[in-house]
Amino acid sequence: MEKYTDDGDEIILSPKSLRLFDSFVRKNKTLSVDKDLQQSILNWVRQVIKEERKEWEELRKDTIDIFIKIKKSEEAKKGALKRDEKYVFFRNEFKKLQKEKYQEYLSQNKNLTANGFVNWFLKEKAKDYNIPYVVQNRKTKLIQLAQKNNRELKKLNSN
C-alpha cells in the first residue's frame, strides 16, 4: 500500500486504488499529459478519504457509545429485577392485609385511605413483618405501595 501524508495525517491508498487511478489516467489523453491535474486529483482523493475516515471514526465512536449505554441499561434492569425479588413476598402479604382491611371498611361504608392504612399497619402490624424498606423512607414507600394497592382494589370493586 502506498502511503501519502497530508498535513501530518497518514492516508493509505491501496494498490488496487492506485492501479484504478493509473488506468483512468492512461485512458484519458488530457489527464495523461497533465501532471498537475493528476496531482490535484490525488490531493482531492486524499482529502476526501481523510474526511470520510474522520466521519467514520466519529460514527464508530457514537455506535460504540450507544452499545455501551444499551448494555448498561440492560444490566441495570436485570439488577433492578434481582433487587425487586426481595420485596415480592412482603408486597403480596401487605396487599393481602390491605385487601382484608379495605373490605372491612367497605362493609362499614367507610373509605380506607392509603395513609390511614399505613398508619394503622405501622402501629398494629409492623412488628409482625420483616419490612424490606430502609427505615428512613419506610413510611413513604409503604404509602406508595398502599396507594397502588388502593387503585387496584377500587378498580376491582367498581367492576
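All values derive from a computational prediction rather than experimental measurement. Positions are given from 1 along the sequence.
- Of the inter-residue distances, the one linking Gln147 atom CD with Asn115 atom CG reads 6.5 Å to the nearest 0.5 angstrom.
- Here the closest heavy-atom approach between residue Arg83 and residue Lys86 is recorded as O-CG, 3.1 Å.
- Side-chain contact between Asn149 and Lys99 is absent, with no heavy-atom pair separated by less than 4.5 Å.
- Here NZ of Lys155 is found 11.0 Å from CG of Leu153. Values are rounded to the nearest 0.5 Å.
- With hydrogens and angles disregarded, no donor-acceptor distance shorter than 3.5 Å links the side chain of Lys125 to the backbone of Leu122.
- The two residues Phe21 and Gln38 have their closest heavy-atom pair at CZ-O, 3.8 Å.
- Considering only heavy atoms from C-beta on, Phe90 comes within 4.5 Å of Ile131 through its side chain.
- Taking 4.5 Å as the limit, some side-chain heavy atom of Glu85 sits within range of a side-chain heavy atom of Lys82.
- Within 6.0 Å of atom OH in Tyr129, more than 12 heavy atoms from other residues, nucleotides or ligands are found, so the atom counts as buried in its surroundings.
- Partners of Lys101 under the side chain to side chain contact (heavy atoms under 4.5 Å, CB included) rule, at least two apart in sequence or in another chain, are Glu104, Tyr105, Leu112, Phe117, Trp120.
- How far CG of Leu59 is from CD of Glu52: 10.5 Å, rounded to the nearest 0.5 Å.
- Here Gln136 contributes atom CD and Arg138 contributes atom CZ; the two are 9.0 Å apart, rounded to the nearest 0.5 Å.
- Annotation: side chain of Gln98 is in contact with side chain of Asn150 (closest heavy-atom distance under 4.5 Å).
- In this structure, Ile41 and Leu31 approach most closely via the heavy-atom pair CD1-CD1, 3.6 Å.
- No donor-acceptor pair closer than 3.5 Å links the side chain of Asp84 to the backbone N or O of Ala80.
- Pairs passing the side-chain hydrogen bond (donor to acceptor under 3.5 Å, both in side chains) check and including a residue from residues 21-35, sequence neighbours excluded, read Asp22-Arg26.
- Classification of Glu152 and Lys148 as a salt-bridged pair holds, one side-chain N sitting under 4.0 Å from a carboxylate O.
- Here Leu97 contributes atom CG and Asn92 contributes atom CG; the two are 12.5 Å apart, rounded to the nearest 0.5 Å.
- With contacts defined as side-chain heavy-atom distances shorter than 4.5 Å, the pair Lys154/Tyr102 qualifies.
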Please list every donor-acceptor pair under 3.5 Å in which a side-chain atom of residues 67-79 meets a protein atom from a residue at least two apart or in another chain.
none

